[in-house]
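Each chain gets a letter, A, B and so on, in the order its sequence line appears, and its residues count up from 1.
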Amino acid sequence: MPKFSPPISQVGEFVVHSTDGLARQGTLSTAHGDIQTPIFMPVGTQGSVKALSPHDLEEINTQIILGNTYHLYLRPGDELIKRRGGLHQFMRWEKPILTDSGGFQVFSLKDIRKISEQGVEFRSYLDGSKHFFSPEKAVEIQQNLGSDIIMVLDECVGYGADKDYTQKSLERTTRWAARCREFHPKGHNSQLLFGIIQGGFFKDLRELSLAQLQEIDFDGLAIGGLSVGESTAEMYDILHHIAPLMPKDKPRYLMGVGTPLDILEGIEAGVDMFDCVLPTRNARNGTLFTSQGKINIKRAEFREDDSPLDPNCSCYTCRNFSKAYLRHLYTAGEILSYRLNTLHNLAFFLDTVAKARKAIKEQNFSQLKASYQDIFKARA
RNA sequence: GGUGGGGUUCCCGAGUGGCCAAAGGGAACAGACUGUAAAUCUGUCGGCGUACGCCUUCGGAGGUUCAAAUCCUCCCCCCACCA
């Protein structure tokens, strides 16, 4: 008789281990390993989390990173990456990868794209050439990239869109989502497929979007179209309305959010996954997140400050370098500045969600959130 | 010693009678950044005043003019080439 071994979790399985209010702590299984949620996912648009190596990412306990369909398709090309053995092999990152579909580029590159029922036509910002993304094409690219989690092609609608347009857009996004699922059947290639809720800042439209997507069997659902220019209050309003209505037995992903406070707000509303360029971009621009609040490392006050960036952080940057040195590196434009700053900011974000997971297990999440509010609210 | 070219606001540098507190860049000082066209972008940057404005400033001193960073005289300093 073979020795008893615990059941191997199935790819796509999502198990909630504990809850604290609406907040959940769980595990999502993917082809490249399990993810402990709630989790923050560093953004590595072009097959690289800017300024960091996979080794750096491992060191700060990164569980999963993002890649971008649109950017990797344009350069170096998804077929080329497929021939190199897929994105994991190409960039030498062995843990899970989630790829965004290009839906965000529908928003961010709105001046050089055209939307139709069939899909989105983009003009390349690199050379002006035209490229058509159908929902199927967006998925096919992600299949070639070999990501663990594929996002459906959606239209991320900007802030200020009227209700009529928002509804038409959301319903088209739903039709695109159905086409994605059809093109990528459940379990195919061990790649999960997530749908994306749209509906702008209209609660009934958010509910409509959710209801339509629930007709389709996705492996997880995302909230898209937030933090596109609205106030924090408006964002939280939609977040708290829709997140609790989402299926409890599937991972919930809040796309593109956010600040440490936003993330905790999302966790409180029952969200499991987050991504944002904020920690990486701000690191490169000198804004660092610490247990003492936001610090602009280029400020003159740090010129001769020998203290560590964050005395409560155990990352490589904080273990070794003074604020005075980090300020010098930034001011001098040294490459190392980008790496040390990015390493720290991501460590801080990953530490935040690790604390959240612990707090949920220990039933004291609201205390954790309150402590972060004390740190970051005063400076806002 | 001769000839030519220069000295401009923290630095480089434009400006050759009024539209000049003086382009542009840098530095400095602040701010922004939320599914990355971002190692990017924005603001301030002689002093005082909320503002119309007033005061000080373009190597130094003096002069011409209603008006000078800009024209004239003398002086000081720098650079290039020739002796």
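- When the C1' atom is compared between B/C71 and B/G17, the two are found 8 Å apart, to the nearest whole Å.
- Using modelled atom types and a 3.5 Å distance limit, the side chains of A/E334 and A/S337 yield no donor-acceptor pair.
- Here B/U36 is the nucleotide among B/U36, B/C29, B/A39 with the atom lying nearest to any side-chain atom of A/D100.
- Of all the residues in residues 147-156 of chain A, A/D154, A/C156 reach under 4.0 Å from RNA chain B with at least one non-hydrogen atom.
- Look at the P atom in both B/G43 and B/A21: the space between them is 22 Å, to the nearest Å.
- Using a 4.0 Å heavy-atom distance criterion, A/Q105 is classed as a sugar-phosphate-only contact.
- The side chain of A/K298 lies closest to B/A32, out of B/A32, B/A38, B/G35.
- Close to B/G35, at under 4.0 Å from its OP1 or OP2, lies no side-chain N or O of A/N68.
- Closest to the side chain of A/S101, from the set B/U36, B/U40, B/G35, is B/G35.
- Taking the side chain of A/I112 as heavy atoms from C-beta on, and the options B/G35, B/A37, B/C33, the nearest nucleotide is B/A37.
- Comparing the same atom, C1', in B/C79 and in B/G59 gives a spacing of 15 Å after rounding to whole Å.
- Across all strands shown, B/G31 forms a Watson-Crick or G-U wobble pair, both distances under 3.5 Å, with B/C41.
- Across all strands shown, B/G26 is found opposite B/C10 as a Watson-Crick or G-U wobble partner, with both distances under 3.5 Å.
- Per the geometry, CG belonging to A/D111 stands 11 Å off C1' belonging to B/A37, to the nearest Å.
- Look at the C1' atom in both B/U70 and B/G25: the space between them is 23 Å, to the nearest Å.
- If A/R299 and A/Q198 are placed on RNA chain B by their nearest nucleotide, the residue sitting closer to the 5' end is A/R299.
- The partner of B/G17 is absent, by the rule that a Watson-Crick or G-U pair needs both atom distances under 3.5 Å.
- Summarising the geometry, the separation between OH on A/Y253 and P on B/G35 is reported as 9 Å, rounded to the nearest angstrom.
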Would you give me the side-chain donor-acceptor pairs under 3.5 Å for residues 106-114 of chain A, sequence neighbours excluded?
{"unit_1": "A/S108", "atom_1": "OG", "unit_2": "A/F104", "atom_2": "O", "d": "3.4"}
{"unit_1": "A/R113", "atom_1": "NE", "unit_2": "A/V106", "atom_2": "O", "d": "2.7"}
{"unit_1": "A/R113", "atom_1": "NH2", "unit_2": "A/V106", "atom_2": "O", "d": "3.1"}

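- Rounded to a whole angstrom, the distance from the C1' atom of B/C81 to that of B/U9 is 32 Å.
- Picking from B/C33, B/C29, B/G35 the nucleotide with the shortest atom distance to the side chain of A/A300 gives B/C29.
- Between A/K323 and A/E301 there is no salt bridge, since no side-chain N of the basic residue sits under 4.0 Å from a carboxylate O of the acidic one.
- Heavy atoms from other residues, nucleotides or ligands lying under 6.0 Å from NZ of A/K82 number 12 at most.
- The partner of B/G4 is B/C79, judged by Watson-Crick or G-U wobble contacts that both fall below 3.5 Å.
- Spacing of P atoms, B/C12 relative to B/U56, comes out at 26 Å, to the nearest Å.
- Nucleotides B/G18 and B/U42 have their C1' atoms positioned 34 Å apart, rounded to a whole Å.
- Base pairing annotation: B/G46 forms a Watson-Crick or G-U wobble pair with B/C55, both donor-acceptor distances under 3.5 Å.
- Residue A/D262 places its side chain closer to B/U34 than to any other of B/U34, B/A37, B/G35.
- Distances shorter than 4.0 Å separate some side-chain N or O of A/N296 from OP1 or OP2 on B/G31.
- Aromatic ring centroids of A/H71 and A/Y125 lie under 6.0 Å apart.
- Ion pairing between A/K168 and A/D162 fails under the 4.0 Å rule for side-chain N and carboxylate O.
- Scanning atom types as modelled, one donor and one acceptor separated by under 3.5 angstrom connect the side chain of A/T280 and the base of B/U36.
- The nearest whole Å value for the distance from the NZ atom in A/K294 to the P atom in B/G31 is 9 Å.
- At B/G35, none of the side-chain N or O atoms of A/R281 fall inside 4.0 Å of OP1 or OP2 (strictly under the cut-off).
- Contacts of A/R113 with the nucleic acid, taken as non-hydrogen atoms under 4.0 Å apart, are absent.
- Here the separation of B/U36 from B/A23, taken at their P atoms, is 40 Å to the nearest Å.
- Judged by closest nucleotide on RNA chain B, A/T331 is the one of A/T331 and A/G44 placed further toward the 5' end.
- Heavy atoms from other residues, nucleotides or ligands lying under 6.0 Å from CD of A/E304 number 12 at most.
- At a threshold of 4.0 angstrom between heavy atoms, the contacts of A/L278 are confined to the sugar-phosphate backbone, with no base atom among them.
- With A/D272 as reference, A/R24 is the one residue of A/R24, A/K248, A/K250 to meet the salt bridge (Lys or Arg N to Asp or Glu O under 4.0 Å) rule.
- The distance between the ring centers of A/F274 and A/F349 does not fall below 6.0 angstrom.
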